[in-house]
Trainee: 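Following this message is one structure expressed as structure tokens.
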Amino acid sequence: MPERKRETASKKKINIAAALILAVFTFLSISFHCFANLNLTLQDAVYQRENSVDSSIKIIAIDEKTLDALGQFETWTREPYAELIEILDGGEHSPRVIGFDILLVNEKGDEDQLLVDACAKYSNIVMADNLVFSTKIETTDGVSRVNTLHIDMVEEPFGELADTVSTGFANTVQDSTDSAVRYTLLEVEEYQSFASAVVPMAQDGAEAESPADYMPADENGGIYIDYTAEPESYEILSLIDVLEGNIPSAAFEDSIVLVGAYAAGMGDSYPVPIADGAQMYGVEIQANIVQGLMEQRSLTYASPYVNAFVCAVIVFLFTLLASAMPIWGSALTTALIAAAQYALCLRLDGQGLVINVITLPLAVLAVLVWSIVGKYAAEALHRRKIMGAFQKYVAPQVVEEIAKNQDYQLKLGGEKRHIAVLFVDIRGFTPLSEALQPEEVVEILNEYLSLVTDAVFQNGGTLDKFIGDAAMAVFNAPFDTDDYIYRAVCAAGDIAAGSDRIAATFRERFGKTVSYGIGVNCGDAVVGNIGSEFRMDYTAIGDTVNTAARLEANAKAGQILISEFVYEPLKDRLKVTEVGEIPLKGKSQGVMVYSLDEVCREGGNQ
């Protein structure tokens with residue numbers, strides 16, 4: 001299989017594996033309620049939005065003003081409650097129902113009878129009771145189950161009062177995650193909730209249908225509360241103001257009156273989701289439940305497994321798509337998925353259906369991050385492979401500069417630079433190649449050209465090209481190099497030294513040997529990419545290059561010829577033998593030439 005096809009197949013497998021991993025992560029996160037706190041916060045923001053408050057629901061509050069007038073709540077007799085019932089029900093303008101969200105469990109004295117008598121006169125009174133639950137294992141028809149709502153005891157209104165009024169349990173169910181009240185029980189066994197007792201009486205009297213019969217309760221007989229409004233949104237009236245006649249009884253005509261604690265010290269306030277965790281008194285929570293039941297509003301949580309499956313499929317498909325998209329496309333799709341889910345949540349809110357809010361956006365964000373990281377990693381790997389291949393042809397400093405310079409582009413054209421040029425050719429290679437096997441010829445050539453390449457690169461040069469058994473190198477291009485003329489001469493010296501070493505090896509192995517001829521010149525040249533848009537070479541052209549080539553052609557085996565332009569700036573660091581002015585092919589004037597004997601490296605900057 002071609003390498004390109006192998007890479008494509010491998011990338012496809014990685015994408016599918018990533019899609020499966022992210023899809024499974026999404027499914028498990030929703031199924032096992034991961035990110036519960038964050039999800040609840042967002043669900044509250046989406047689903048718990050204000051509705052219109054029913055003005056017929058009024059709260060008579062046992063507030064600080066009332067406590068200041070009547071004393072500590074624990075010291076009260078039942079007389080104030082009896083008096084309140086007579087005020088509200090004793091005239092021509094009675095409310096539909098009066099609900100006491102207060103536990104009146106223990107008898108307190110003779111005044112208890114006043115409350116019993118008052119309640120016996122009217123049929124619109126609802127009192128709260130309390131169910132005491134425990135967890136027990138129960139077996140039915142040979143099947144055992146854990147019942148977390150086993151009723152151990154019922155705390156009812158005291159004595160005759162329980163037989164005189166309607167009752168309903170006012171237990172508050174707090175979320176184990178953040179203690180907020182989001183859920184309420186409507187019915188447990190034969191007991192109905194406080195709100196379930198109030199609503200039928202407020203609608204059609206005792207014969208009205210119980211909310212537990214028409215509301216979509218879960219297996220425990222409960223619903224999730226669709227709150228109507230934030231704390232203090234209902235009309236709240238102080239109990240003492242009603243008792244003292246400051247508020248006329250006509251104000252409560254045909255109303256649903258709920259009486260309950262509304263003071264900080266009474267320990268009946270709870271965090272609620274509609275107000276970002278703000279506290280709401282229990283009686284106002286009951287008001288929200290009552291209105292929701294009357295309007296048949298509640299929140300129903302979608303099956304976590306169905307929700308999880310749908311989101312997992314979306315994440316799986318998006319992961320596969322993101323691998324083929326540009327990064328901006330993946331980012332846009334992520335935003336669109338999150339926006340679409342929010343719009344869906346709002347639409348489902350109208351139907352009272354709740355879905356997981358946070359996991360899908362988090363999962364598609366993870367897909368986006370994976371896509372970005374994956375694309376950059378693939379690009380980096382691809383770039384690394386290209387640079388690795390590039391280093392076989394170009395000097396390391398060129399590759400390094402290209403890697404650092406993100407704006408570097410290969411383009412046609414050149415620039416005029418002052419450079420040093422080195423040409424080297426193997427002497428005696430042609431007869432050697434005729435006498436040896438092709439494999440041996442290639443081995444000798446590769447070893448010799450490796451020597452040339454190492455010498456050029458170690459001295460900071462750029463290997464321009466191989467020309468059969470010859471090579472060309474430039475110094476001070478494409479980037480500025482310090483002391484580049486000296487570096488070119490040092491490279492020539494290194495080639496000469498290395499050539500002497502491998503010549504002995506060749507003689508021993510093949511019975512043949514080779515030598516070299518080197519020419520070095522410096523001067524101005526045009527350096528750049530020469531060729532076409534389809535195929536180009538980085539090279540140098542001009543008289544300086546031609547002169548270096550002519551010097552190499554005139555060099556004898558084992559000789560390094562340098563021009564006067566190289567010798568003059570370096571004469572204090574070189575030992576040479578003057579060759580004299582020699583004519584060079586293609587030039588009208590001769591060039592003073594020197595044969596390099598030794599490079600004084602202790603004075604240089606190799």
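We count residues from 1, following the sequence as given.
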Trainee: Between N37 and D178, do the side chains contain an N or O donor and an N or O acceptor separated by less than 3.5 Å?
Mentor: no
Trainee: Quick one: does R487's side chain have a donor or acceptor within less than 3.5 Å of a partner on D482's backbone?
Mentor: yes
Trainee: If you look at every heavy atom in V576 and D597, which pair is closest and at what distance?
Mentor: C-OD2, 3.1 Å
Trainee: Side chain of R417, backbone of N476: donor and acceptor closer than 3.5 Å?
Mentor: yes
Trainee: Around atom CD of E232, are there more than 12 heavy atoms of other residues, nucleotides or ligands at under 6.0 Å?
Mentor: no
Trainee: Could you verify whether a donor N or O on one side chain and an acceptor N or O on the other, from D44 and T41, lie under 3.5 Å apart?
Mentor: no
Trainee: What are the two closest heavy atoms between Q43 and V357, and how far apart are they?
Mentor: CG-CG2, 3.4 Å
Trainee: For the ring pair Y224 and Y301, is the centre-to-centre distance below 6.0 Å?
Mentor: yes
Trainee: Verify side-chain hydrogen bond (donor to acceptor under 3.5 Å, both in side chains) between Y448 and S499, making sure each step is shown before the conclusion.
Mentor: CA-CA 7 Å; Y448 201 93; S499 181; 3.0 Å; yes
Trainee: Side chain of D226, backbone of R297: donor and acceptor closer than 3.5 Å?
Mentor: no
Trainee: Keeping S179 on the side-chain end and Q174 on the backbone end, is there a donor-acceptor pair under 3.5 Å?
Mentor: no
Trainee: Is there a donor-acceptor pair closer than 3.5 Å between any side-chain N or O of Q48 and the backbone N or O of P273?
Mentor: no
Trainee: Can you tell me if N288 uses its side chain to pair, donor with acceptor, with the backbone of Y227 under 3.5 Å?
Mentor: no
Trainee: Evaluate the ring planes of F35 and F25, with Trp represented by its six-membered ring, and classify them as parallel (under 30°), tilted (30 to 60°) or perpendicular (over 60°).
Mentor: perpendicular
Trainee: Under 3.5 Å, is there a donor on one side chain and an acceptor on the other for N51 and T228?
Mentor: no
Trainee: Could you go step by step and tell me if Y594 and L561 meet the side chain to side chain contact (heavy atoms under 4.5 Å, CB included) rule?
Mentor: CA-CA 6 Å; Y594 300 87; L561 295 183; over 6 Å; no
Trainee: Indicate yes or no: does R427 engage E552 in a salt bridge with an N to O separation below 4.0 Å.
Mentor: yes
Trainee: Return the minimal non-hydrogen interatomic distance between V315 and A363, and the atom names on each side.
Mentor: CG2-CB, 3.5 Å
Trainee: How far apart are the C-alpha atoms of V173 and V181, what are their side-chain angles, what is the distance that settles it, and do they pass the side chain to side chain contact (heavy atoms under 4.5 Å, CB included) test?
Mentor: CA-CA 6 Å; V173 181; V181 179; 5.8 Å; no
